[in-house]
Number of protein chains: 2
Amino acid sequence: MTSASGARAAELTRELEASVGYVLRRAQLAVFADFIASQSGAVVRPGQFAVLLVIGMHAGLTQNQLCEALAIKRANLVAMLDEFESLGFVRRVPCSRDGRAKRLHLSTAGAKVLSQAVDAQKRHEARITAALGAIGRRQLIDLLNRLRTLPAS
Amino acid sequence: MTSASGARAAELTRELEASVGYVLRRAQLAVFADFIASQSGAVVRPGQFAVLLVIGMHAGLTQNQLCEALAIKRANLVAMLDEFESLGFVRRVPCSRDGRAKRLHLSTAGAKVLSQAVDAQKRHEARITAALGAIGRRQLIDLLNRLRTLPAS
DNA sequence: TATTGTTATACTCTATAACTATA
DNA sequence: TATAGTTATAGAGTATAACAATA
């Protein structure tokens, strides 16, 4: 145990710095902040970016498919789509084959916003590559993907 | 662009899987879920664990020092410490040298809860090491630490 | 019966402004 | 004046239960 007198911030977290969860969380916050800072004009948050990108790349997918792909709850997608629809970025189109489902499409305005966000994201990823190197970036993604399938307990 | 008909979840996120931010977030959620699942008895969330651990390892540090170390807002620490105090885990002791500050200490009960949480965290980290290997784990932490200092813009 | 989208709700995490008491 | 802790508040993110319409 260390005396608290004169303790500096870096010292206080020494034990936590060896914890994957802690370092992972701090890095994730920094990356998201950089993602936000990279935006110009209309600001799209990471979750919104993911939704717009998947709709843009897979026009006509249903809300349920989108939720399963991004691991978000159906109930939580509703408000985001309501906002995108009110901004004229996304259209919900009744599915002809299944009267319960709605297919999602980007409007021209939505495609433009997505395009700007993609440009910003490229600058953002370029800063990450500058920090890690291309090889380090690839290693990081591989290591993170291994964590996504941790045994349930 | 891919047809949405018959699209599977894994297909829909193909573009995002190359994004560090997306993979990082998904991994962070999985790691935190595993951290929670590793607990037995009293459940401590990751943020609570960090607070208890830093107090336990650096008894007598002030709330402000704790906040700077963990990058949390002073205002947001108050409720957590109120809860810990009401549970008898933490004591706030007026600082003799600075009448504004309060020094933090774990009670015996708090130390016991922390000890159990540390045991759980060791099992949690062991699962991570099993998934990544010791070398992969070290590489991951190094790569993540480089992301924590991304240029502001 | 089961599923899709929806509503309502609640809890956690985070952020800002303003207050108080001290320095 | 500046700082430490606090209060109040608001915005995101996430989770569950229940409902209507449809399968």
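Naming: A, B, ... by sequence-line order, numbering from 1 per chain.
One can place CD of A:Q28 at 11 Å from P of D:dG13, the figure rounded to the nearest angstrom. Between B:F32 atom CZ and D:dT14 atom C1' the separation is 14 Å, expressed in whole Å. Rounded to whole Å, the distance from CG on B:L29 to C1' on C:dC13 is 13 Å. We find that CZ of B:R74 is positioned 11 Å from C1' of C:dT16, with the value rounded to whole Å. B:M80 has its CE atom 13 Å from the P atom of D:dT6, to the nearest Å.
For B:L77 and A:I72, each mapped to the nucleotide of DNA chain D holding its nearest heavy atom, the one lying further toward the 5' end belongs to B:L77. Each of A:A75 and A:D98 was matched to the nucleotide of DNA chain C holding its nearest heavy atom; the match closer to the 5' end belongs to A:D98. Closest-nucleotide positions on DNA chain D for A:G99 and B:D82 were compared, and the one nearer the 5' end corresponds to B:D82.
Listed nucleotides D:dA15, C:dA23, C:dG5 differ in distance to A:Q63; the shortest reach to its side chain belongs to C:dG5. Distances from the side chain of B:R92 to the nucleotides D:dG13, D:dT6, C:dT6 place D:dT6 closest.
Linking ILVMFWY side-chain heavy atoms closer than 4.5 Å, directly or via other members, places A:V93 and A:F84 in two distinct hydrophobic clusters. B:L104 and B:V78 fall into different hydrophobic clusters, where Ile, Leu, Val, Met, Phe, Trp and Tyr are joined by side-chain heavy atoms under 4.5 Å apart, directly or via other members.
Between the base of C:dA15 and the side chain of B:N76 there is a donor-acceptor pair shorter than 3.5 Å.
One finds the CG atom of B:L147 at 12.0 Å from the CG atom of A:L29 (value rounded to the nearest 0.5 Å).
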